[in-house]
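For reference, the structure is listed below as structure tokens.
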Amino acid sequence: MAEEAEATEPAPAAARRTRSKPLGFAITLVVALALFVGIGLLFHAQTYASPAGTEVAKAVGTSTVDGVSRPHVTLAFNTYPDASGSHDGVPVHPGGNSAWPTYGPTNQFQVPAHSLVTVTIRQYDSGGSLNNPWFDKVRGTVGGTATINGKVVSSINPNNVGHTFTVRGTPGTDPDFFLNVPLPLVPGDSQTDNGKYETVTFSFVSGSKGLYAWNCEFPCGTSVASFGGPMNAYGYMSGFVHVV
């Protein structure tokens, strides 16, 4: 019996199969790049710029902290139960969700490096309980305290929190810097038009030059654990401190 011939694929078909591999890879790469660019454009479209611009700390002289004389500056801003306010006639959040709570009139602050920074926050919002009571303590301030309506405190009731002002260095910027100040809620369902607010004042020594991110750690949003909505939409409960 004649020996059975070995089955082989016609040469043209084999060539086409070989050529299809790099073609398929190229198509996959193009699709991946398109998705990457599209996602990037989507995030870019979600950027936020306050009409108030960057709040630059005001110089008020020098102060001595732990035996070191430092430039002394001040900052002042507010927390609101909604984003319906305006700055010089322009909405604080143009095109944003006016029903979401927000810091204002801006989310960008600038302070000099290695300086004493005294911050005054008027807290107009109601609140509730922290998911993590670790954030009910004042951390990173001079003396480890803050002053609330004239009373010096080192922590507040974790069930009576309106917001927190929590600051960290971004990657590559002063990894040892950390600041957390809990802001007490205003009793009842406060709105800015009733004039009620809590005044929180504290001081801290700024870190080295660089970009620092701040956010609120009180779950005042929607969705899972109330950390959706304004909590993950840039510009409401988050922003940056520029140390120059």
Side-chain angles (χ1 to χ4, degrees), residues 55 75-83 100-104 106-109 111 116-171 173-190 196-207 210-243:
E55 178 72 17
L75 279 174
F77 48 90
N78 305 325
T79 59
Y80 298 116
D82 59 51
W100 284 353
T102 186
Y103 277 64
T106 184
N107 71 330
Q108 301 278 340
F109 310 108
V111 302
L116 179 66
V117 183
T118 297
V119 181
T120 300
I121 302 175
R122 284 186 174 183
Q123 206 296 100
Y124 288 91
D125 206 359
S126 56
S129 300
L130 288 166
N131 285 5
N132 186 347
W134 190 86
F135 291 100
D136 70 5
K137 294 179 175 57
V138 180
R139 303 176 187 272
T141 65
V142 175
T145 62
T147 300
I148 299 176
N149 300 325
K151 180 182 178 181
V152 177
V153 303
S154 58
S155 65
I156 67 173
N157 187 329
N159 299 312
N160 294 327
V161 177
H163 296 286
T164 78
F165 184 65
T166 306
V167 186
R168 308 168 175 85
T170 58
T173 302
D174 209 344
D176 295 326
F177 183 89
F178 182 79
L179 176 72
N180 179 72
V181 179
L183 313 177
L185 60 78
V186 177
D189 188 17
S190 172
K196 294 181 180 179
Y197 57 85
E198 305 288 313
T199 301
V200 183
T201 304
F202 55 93
S203 296
F204 68 95
V205 175
S206 57
L211 185 64
Y212 296 73
W214 70 263
N215 69 294
C216 172
E217 292 290 346
F218 171 70
C220 50
T222 57
S223 189
V224 178
S226 297
F227 271 95
M231 298 297 287
N232 60 18
Y234 172 71
Y236 292 87
M237 293 286 111
S238 61
F240 291 102
V241 177
H242 305 262
V243 179

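Worth knowing before you read on, the calculation uses all heavy atoms, side chains too, and leaves out hydrogens, waters and symmetry mates. Along the sequence shown, residues are numbered consecutively beginning with 1.
- Donor-acceptor pairing under 3.5 Å is lacking for the side chains of Asp82 and Tyr80.
- By the side-chain contact (heavy atoms from CB on, under 4.5 Å) test, Asp176 is found to be paired with Asp174, residues two or more places apart in sequence or in another chain being considered.
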For a side-chain contact (heavy atoms from CB on, under 4.5 Å) check, start with the C-alpha distance between Val161 and Leu183, then their side-chain angles and the critical distance, and finish with the verdict. CA-CA 6 Å; Val161 177; Leu183 313 177; 5.9 Å; no

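- Applying the ring pair (Phe, Tyr, Trp, His ring centres under 6.0 Å) rule to Phe202 yields no partners; only residues at least two apart in sequence or on another chain are considered.
- Residue Leu130 holds its CG atom at 7.0 Å from CZ of Phe218, rounded to the nearest 0.5 Å.
- Legend: residues meeting side-chain contact (heavy atoms from CB on, under 4.5 Å) with Ser238, ordered by chain and number and at least two apart, are Asn215, Tyr234.
- Residues passing the side-chain contact (heavy atoms from CB on, under 4.5 Å) test with Pro133 are Asp136, Pro158, sequence neighbours excluded.
- A donor-acceptor pair under 3.5 Å is formed between the side chain of Asn131 and the backbone N or O of Ala225.
- Inter-residue side-chain proximity for Val200 and Val181 is flagged as met; some heavy-atom pair is nearer than 4.5 Å.
- Across every non-hydrogen atom of Gln123 and Pro184, the tightest pair is NE2-O, 2.7 Å.
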Would you tabulate the side-chain donor-acceptor contacts of residues 142-155 under 3.5 Å, counting partners in other chains and residues two or more places apart, or write 'none'?
residue: Asn149; atom: OD1; partner: Thr199; partner atom: N; Å: 2.9
residue: Asn149; atom: ND2; partner: Glu198; partner atom: OE1; Å: 2.6

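- Every residue meeting the side chain to side chain donor-acceptor pair (under 3.5 Å) condition with Arg122, not counting sequence neighbours, appears here in chain and number order: Tyr197.
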Does the side-chain contact (heavy atoms from CB on, under 4.5 Å) test come out yes or no for Leu179 and Arg139, once each step is laid out? CA-CA 5 Å; Leu179 176 72; Arg139 303 176 187 272; over 6 Å; no

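- The ring pair (Phe, Tyr, Trp, His ring centres under 6.0 Å) check on Tyr212 picks up Phe177, with sequence neighbours excluded.
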Residue pair Thr79, Ile121: steps toward the side-chain contact (heavy atoms from CB on, under 4.5 Å) verdict: CA-CA 7 Å; Thr79 59; Ile121 302 175; 4.2 Å; yes

Apply side-chain contact (heavy atoms from CB on, under 4.5 Å) to residues Val186 and Ser126 and explain how you reach the verdict. CA-CA 5 Å; Val186 177; Ser126 56; 5.8 Å; no

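- Take Thr106 and apply the side chain to side chain donor-acceptor pair (under 3.5 Å) test, not counting sequence neighbours, and it matches no residue.
- In this structure, Thr170 contributes its side chain and Leu211 its backbone to a donor-acceptor pair below 3.5 Å.
- With a 4.5 Å cut-off on side-chain heavy atoms, Phe165 and Cys216 do not count as touching.
- Remark: Ser206 pairs with no residue by the side chain to side chain donor-acceptor pair (under 3.5 Å) rule, at least two apart or across chains.
- The minimum heavy-atom distance between Gly229 and Thr222, with the atom names listed, is N-OG1, 3.3 Å.
- Here the options are Trp134, Trp214, Phe204, the test is ring-ring contact (aromatic ring centres under 6.0 Å, His included), and the partner is Phe178; only Trp134 passes.
- Considering all non-hydrogen atoms of both residues, Ser203 and Thr118 come closest at OG-OG1, 2.7 Å.
- Looking only at side-chain heavy atoms (C-beta outward), His163 and Met237 come within less than 4.5 Å of each other.
- Side chain to side chain, Thr166 and Asn180 meet the donor-acceptor criterion of an N or O pair below 3.5 Å.
- The shortest side-chain heavy-atom distance between Pro101 and Pro230 falls under the 4.5 Å cut-off.
- Not counting sequence neighbours, Asn160 has no partner by the side chain to side chain donor-acceptor pair (under 3.5 Å) test.
- By the salt bridge (Lys or Arg N to Asp or Glu O under 4.0 Å) test, Glu217 pairs with Arg168, sequence neighbours left out.
- In this structure, Val243 and Gly207 approach most closely via the heavy-atom pair CG1-O, 3.5 Å.
- Residues in residues 221-233 take part in no salt bridge (charged side-chain N to carboxylate O under 4.0 Å, His left out) pair, two or more places apart or across chains.
- In this structure, the side chains of Lys137 and Pro182 stay at 4.5 Å or more apart for every pair of heavy atoms.
- Val119 is listed as a side-chain neighbour of Phe77, based on a closest heavy-atom distance under 4.5 Å.
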